[in-house]
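No experiment lies behind these values; they were computed from the predicted model shown. Start at 1 with the first residue, then count along the sequence.
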Amino acid sequence: MSNASIWHGVIPAITTPFTADGQVDHDFLAKHARTLIDSGCKGIVPLGSLGEAATLSFDEKLDIIRTLVKALDGRAPVIPGIAALSTDEAVRLARQAKALGASGLMVLPPYVYSTDWREMGAHLRAVIAATDLPCMLYNNPIAYKTDFSPEQIAELAHEFPNVQAVKESSGDVRRFAALRSLLGNRLELLVGMDDAIVEGVAMGARGWIAGLVNAYPKESVKLFELARDGGADAAAELYAWFLPLLRLDTVPKFVQLIKLVQEKVDMGSERVRAPRLAMHGAERDAAMRVIDHAIAHTPVL
């Protein structure tokens with residue numbers, strides 16, 4: 001598997017399944033990853049925001065990487081998210097990920113602490129320098145309160161050959177044009193927000209780190225291919241059906257909502273790890289109206 005091949009297509013930000021007693025459900029995790037790849041996805045990103053990584057222990061993270069590498073057996077890359085409270089722990093996770101067989105890394109800001117570029121840049125440099133694996137920078141200022149500007153990303157791309165891609169989740173589609181202007185084709189661009197996939201592909205993104213793909217993998221792959229090959233007009237009908245679901249990916253309770261969709265389409269469980277709680281009351285009712293409508297009108301591909 002060449003490194004250059006891993007930053008394209010639909011790459012699920014896989015959810016972390018839990019058993020009834022709150023442990024990571026490794027049997028389902030392995031089965032789910034194989035289902036996603038069988039449906040046309042090109043890789044798996046565990047330990048991201050959707051994967052509830054901040055609630056997982058260091059050893060649980062290693063066990064998840066180990067399970068996925070074994071389950072996929074070289075068929076597709078495993079690209080874990082690398083984030084921690086401290087730079088030292090993030091560096092150790094990056095090194096352990098490679099030792100366990102990860103093919104690349106998604107590098108995030110640290111948990112909780114957000115500060116200026118001098119400190120955030122030092123954190124990223126320490127993680128990236130700790131590995132020769134290809135790295136994708138994850139820019140999600142909405143979730144992490146740290147915004148990596150195109151100029152700062154370009155700085156790292158010039159400094160580290162193994163910085164190969166950017167997952168853009170700022171919500172500002174103009175960032176793609178800004179990155180292209182600064183870097184040409186030096187970095188692969190990937191969309192990180194579900195409800196911006198058609199717009200992102202139109203701006204040159206070659207990949208989609210997706211969330212609702214956990215419930216609708218074939219539909220997600222088809223949508224990406226239509227947008228890539230035929231543009232917005234070709235994707236319009238499927239996008240119109242999918243958008244109400246895709247918008248569930250960009251609200252604070254996106255983990256609970258996506259897992260609820262998974263459960264309703266028999267692709268997983270809605271169990272989450274505290275402090276998150278399963279959806280209830282009026283919020284659940286509103287979500288169920290969106291989900292039930294989508295299920296009733298699921299397109300035939």
Side-chain angles (χ1 to χ4, degrees), residues 3 6-7 11 13 16 43 45-62 64-65 77-100 102-172 175-176 178-179 182-183 186-193 207 209 252 255:
N3 289 342
I6 70 174
W7 310 115
I11 305 175
T16 300
V45 169
L47 310 183
S49 313
L50 184 54
E52 298 174 73
T55 73
L56 300 167
S57 71
F58 190 85
D59 287 342
E60 284 179 321
K61 292 179 179 180
L62 300 186
I64 286 171
I65 296 170
V78 176
I79 308 164
I82 303 296
L85 285 169
S86 71
T87 300
D88 176 68
E89 183 172 314
V91 165
R92 286 193 292 119
L93 183 59
R95 288 174 174 156
Q96 286 293 312
K98 178 179 180 180
L100 292 172
S103 299
L105 305 177
M106 180 176 76
V107 182
L108 289 79
Y111 298 139
V112 181
Y113 187 57
S114 178
T115 178
D116 56 28
W117 176 238
R118 187 177 75 88
E119 290 184 320
M120 289 293 95
H123 174 86
L124 294 179
R125 286 183 172 91
V127 175
I128 295 165
T131 182
D132 59 359
L133 288 178
C135 293
M136 172 176 64
L137 300 173
Y138 180 17
N139 185 42
N140 188 341
I142 299 169
Y144 294 95
K145 314 305 179 190
T146 298
D147 188 3
F148 301 136
S149 70
E151 290 76 14
Q152 292 163 348
I153 292 170
E155 195 177 311
L156 294 176
H158 290 312
E159 190 173 342
F160 295 97
N162 59 329
V163 173
Q164 295 185 355
V166 177
K167 174 186 176 185
E168 238 301 313
S169 298
S170 67
D172 183 356
R175 291 294 181 94
F176 290 111
L179 287 164
L182 287 170
L183 291 162
R186 166 66 181 81
L187 297 182
E188 298 293 354
L189 306 181
L190 295 94
V191 179
M193 303 179 78
I209 310 297
V255 175

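Evaluation of the side chain to side chain donor-acceptor pair (under 3.5 Å) rule for E89 yields no partner, not counting sequence neighbours. With sequence neighbours excluded, the residues forming a salt bridge (charged side-chain N to carboxylate O under 4.0 Å, His left out) with E159 are R125, listed by chain and number. Taking R95 as the reference, nothing meets the salt bridge (charged side-chain N to carboxylate O under 4.0 Å, His left out) condition, with sequence neighbours excluded.
Interatomic distance, L133 CG to I128 CD1, rounded to the nearest 0.5 Å: 12.0 Å. Once rounded to the nearest 0.5 Å, the distance linking CG of L190 with CD1 of I11 reads 5.5 Å. Rounded to the nearest 0.5 angstrom, I153 CD1 and L187 CG are separated by 8.0 Å. The CD atom of E155 sits 8.5 Å away from atom OG of S149, with the distance rounded to the nearest 0.5 Å. One finds the CD1 atom of I82 at 8.5 Å from the OG1 atom of T131 (value rounded to the nearest 0.5 Å). Annotation: the span from N162 atom CG to D132 atom CG amounts to 7.5 Å, rounded to 0.5 Å.
Shortest non-hydrogen contact noted between P134 and I6 is CG-CD1, 3.9 Å. Smallest separation of non-hydrogen atoms from W7 and L105: CH2-O, 3.9 Å. Q96 and F58 make their closest contact through CG-CZ, 4.3 Å (heavy atoms, listed as atom of the first residue, atom of the second, distance). When all heavy atoms are compared, the tightest approach of S86 to H123 is O-CE1, 4.3 Å. Smallest separation of non-hydrogen atoms from I65 and A97: CD1-CB, 4.0 Å. Residues P150 and A178 come closest through the heavy atom pair CG-CB, 3.8 Å.
With hydrogens and angles disregarded, a donor-acceptor distance shorter than 3.5 Å links the side chain of R186 to the backbone of A157. Formation of a donor-acceptor pair under 3.5 Å by the D88 side chain with backbone atoms of V91 is not found in this model.
Pairs passing the salt bridge (Lys or Arg N to Asp or Glu O under 4.0 Å) check and including a residue from residues 136-145, sequence neighbours excluded, do not occur. For residues 47-61, every residue pair satisfying the salt bridge (Lys or Arg N to Asp or Glu O under 4.0 Å) rule, not counting sequence neighbours, is listed here: E52-K259, E60-R273.
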Taking distance alone, no hydrogens or angles, what donor-acceptor pairs closer than 3.5 Å link side-chain atoms of residues 135-143 to residues at least two apart or in another chain?
from : atom 1 : to   : atom 2 : distance (Å)
Y138 : OH     : N140 : ND2    : 2.8
N139 : OD1    : F148 : N      : 2.7
N139 : ND2    : D147 : OD1    : 3.2
N139 : ND2    : F148 : O      : 3.4
N139 : ND2    : E168 : OE2    : 2.7
N140 : OD1    : I142 : N      : 3.4
N140 : OD1    : A143 : N      : 3.1

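In this structure, the side chains of M193 and S170 stay at 4.5 Å or more apart for every pair of heavy atoms. Between L62 and L93 there is a side-chain heavy-atom pair separated by less than 4.5 Å.
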